[in-house]
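These numbers come from the heavy atoms of this one structure, side chains and all, not from hydrogens, waters or symmetry mates. Note that the coordinates shown come from a computational prediction; the quantities given were computed from them, not determined experimentally.
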Amino acid sequence: MPKSGSTPKISRRAALAGLSASAALLAMPRLGRAADETIRIGFPTPLTGPFAAEARDQVKCAELAVKLVNDKGGIGGRKVELLVRDDKLNAGEAATRTLELIEKDKVHAVVGALSSAVQLAVNEVTRARGVIYVSISQSDTINEAKDFSKYTFHEALNPHMTTAAVARQTLKKGMKVAHLVADYAYGHEMLRGFKRAQTAIGADNVGEILHPFGAADYSTFMPRLMSMRPDVLCISNFGRDQANAIKQAVDFGVKQQMKIVVPVILHNQRLAVGPDVFEGVVGGANYYWGLETQGKSAAAFNTAFKAANGGAIPTDYGAYGYSGVGSLLAAMQTAGGTDTDKVVDALEKLQYDLTKGPQHYRKCDHQSVQSVLVLESKKKSAMANDNDLFAILANDTGSDDMLRTCSELGHAT
Amino acid sequence: MDLSLIIMQLLSGIALGAVLVITALGLTIVFGMLGVVNFAHGALFMIGAYAGLYLASLTGSFWWGLLLAPVLIGAFGMLIEFVLIRRLYGRSIDDPLLLTFGLSYILVEAVRIVFGSDGIPFPTPPQLIGVLDLGVGFFPRYRLFVIALVAVVLVVLWLALEKTRIGLIVRAGARDPTIMQVLGVDIGRVWLAIFGLGVGLAALGGVLAGPMRSVNPEMGSLVLAEAFVVTVIGGLGSIVGAVVAGLMVGISISLVALFAPEMATIVMFALMAVVLLIRPEGLFGVRGRTA
């Protein structure tokens with residue numbers, strides 16, 4: 001105690017000690033908070049534009065995956081939060097939003113994107129900053145050594161495995177095949193996949209037409225496609241382009257002459273143009289709610305989704321949102337938190353079954369090895385109810401044989 | 001390349017052009033007579049498609065939708081003119097442009113809220129399903145119907161403008177509104193009717209396009225761009241210009257699609273660039289009123 005009258009003297013050493021102690025005290029709540037700090041997952045997806053219907057389903061399913069984990073107490077006591085951003089189906093916009101998510105919102109990982117071109121832009125940003133990215137949209141290139149990084153995971157099917165499965169169900173030796181293809185990454189990759197499968201099967205290519213992305217009218221391509229006289233017409237485009245192209249092909253009487261095949265048959269687009277237009281169209285899918293009669297995980301996923309969404313059923317691209325976020329959270333659970341290297345390691349070792357049977361990420365390229373469905377759109381009179389859209393023609397069990405080899409993709413083996 | 005394929009391709013182009021003509025017509029009439037660049041034209045096209053679909057499902061017949069939607073949406077257009085646009089006459093051309101631009105956002109968002117952002121199927125009327133054998137190939141009945149209907153609408157419109165008293169007032173009003181007022185014509189009512197007509201034509205385009213495409217809230221944005229291109233090529237404000245340019249663009253897209261399909265969309269803009277370089281006022285435009 002200083003004597004009264006004299007000014008209290010504080011030595012420099014004491015002052016320093018005091019300062020550092022108070023600094024430590026101030027820092028304490030931060031350190032303490034870090035343990036129960038929320039885990040933030042960034043989720044860029046095209047909420048506006050021609051893929052909006054699919055994007056919204058992705059968000060609903062991603063939110064469901066997060067909710068189920070939070071209901072069980074989160075990950076190591078930490079709650080999980082999903083930060084959804086509209087990438088407007090634009091690579092530049094997606095890169096900006098992703099950068100913002102990483103720099104400003106400090107997300108621990110990124111899941112999402114719904115276009116092959118946009119996901120590559122997201123991947124550019126995440127791999128440069130060492131943030132885990134689980135892509136849930138079709139792409140072959142993202143797994144190739146050029147675009148790959150140890151932080152890059154691809155949960156979706158890829159064009160190679162999808163087109164191979166569809167071609168196996170629809171093409172035969174000597175058949176003539178024509179292609180109508182959207183002129184951007186997705187279309188190009190699907191065309192490449194189909195042509196590879198065609199060659200293997202021994203079907204002949206009679207012509208290909210590239211159409212501008214997002215076109216509303218396809219009538220001008222129809223006379224030429226019909227003059228090619230193919231047995232099968234492969235229409236490789238996505239979202240509303242798929243609905244419009246198929247509808248107009250049917251208007252021109254294409255179905256009377258040839259079978260229409262698509263790489264990915266979309267639940268929402270089938271709803272958008274009705275059963276008569278889609279009748280008999282065959283396409284691949286990652287998920288269909290009707291799998292519930294074949295597997296426990298599909299039934300559980302459907303039940304959880306229905307409970308959270310007023311009885312609605314989950315769709316194909318929606319299921320990617322669930323399995324993409326779900327597999328990441330399962331790996332974080334194993335890793336006991338968000339340490340990037342530990343989570344990457346856990347993802348590589350993860351065996352998961354969230355929607356349709358066993359899946360795992362292949363070590364060399366982080367592609368999810370999974371089953372591929374081939375569906376056929378039902379005739380109106382054959383539908384048992386409004387949700388009974390497709391018949392399952394094939395359910396090919398996932399295996400490494402479906403994928404291009406690690407060395408073909410340019411990875412060290 | 002055989003002749004029948006080229007004929008089929010021409011026909012596709014004419015059908016495509018027919019919808020372009022109808023939408024560009026509404027845009028060019030409103031600009032020519034009112035000096036208003038209507039950026040909500042695409043949104044009103046979309047509203048027309050939704051209205052047609054709604055009325056068709058309500059009455060159980062496509063034909064009621066086709067008949068009533070343009071009338072109802074045309075009346076809605078008159079309301080827009082009366083409540084909003086009327087206040088901006090005499091001001092800079094940017095003011096109504098900005099107003100209608102904002103309006104288009106409101107309309108698209110309102111439709112998203114009411115009908116959702118997913119596409120909705122618009123069934124082709126049962127009488128027009130299927131294809132017709134033209135000897136050189138098969139062509140969708142519905143598209144042939146669209147060509148015929150647009151031709152009828154054009155003839156009726158031409159007769160109304162050239163042969164009736166109302167048409168005379170409209171044409172005179174476009175040339176010199178002040179003289180018309182001095183002569184005792186209520187020019188405000190003429191403008192109201194013209195804007196309603198322009199919007200009604202946009203809605204008609206929307207209903208006609210419905211069965212060819214899926215109906216969704218964003219379907220108007222692409223149409224707006226196309227309609228502007230056609231209007232600029234034909235000459236802002238020129239009705240004949242809109243018809244010629246619409247068909248020209250449709251046929252160009254179609255023939256280019258035959259040889260270089262990836263270029264099909266760009267050809268429209270290339271055509272516009274060439275026309276602007278050679279005749280800045282457009283093919284049938286009035287000199288001094290450049291784009």
| query | For A:Gly214 and B:Leu222, which heavy atoms make the closest approach, and how far apart are they? | reply | O-CD2, 4.0 Å
| said: To the nearest 0.5 Å, what is the distance between OG1 on A:Thr48 and CZ on B:Arg112? | reply: 6.5 Å
| When you measure from the side chain of A:Gln248 to the backbone N and O of B:Arg213, does any donor-acceptor pair fall under 3.5 Å? | no
| Heavy-atom pair with the smallest gap, counting every atom of B:Pro261 and A:Pro212 | O-CD, 4.1 Å
| task | Could you tell me which non-hydrogen atom of B:Arg143 sits nearest to which non-hydrogen atom of A:Asp217, and how far apart they are? | result | NH1-OD2, 3.3 Å
| Looking at CD of A:Gln256 and CZ of B:Phe138, how far apart are the two atoms once the value is rounded to the nearest 0.5 Å? | 9.0 Å
| Interatomic distance, B:Leu258 atom CG to A:Ile209 atom CD1 [nearest 0.5 angstrom] | 8.0 Å
| task | Considering non-hydrogen atoms only, spot the tightest contact between B:Leu5 and A:Ser227 and give its length. | result | CD2-OG, 3.9 Å
| message | What part of B:Leu16 gets within 4.5 angstrom of chain A, counting heavy atoms only: side chain, backbone, both, or neither? | response | side chain
| note | Nearest heavy-atom contact between A:Arg240 and B:Pro217 is NH2-CD, 4.3 Å
| said: side-chain contact (heavy atoms from CB on, under 4.5 Å), that's the test. Do B:Thr124 and A:Lys247 meet it? Break it down for me. | reply: CA-CA 10 Å; B:Thr124 311; A:Lys247 186 168 171 55; 4.1 Å; yes
| Which portion of A:Asp183 sits near chain B, non-hydrogen atoms under 4.5 angstrom | side chain
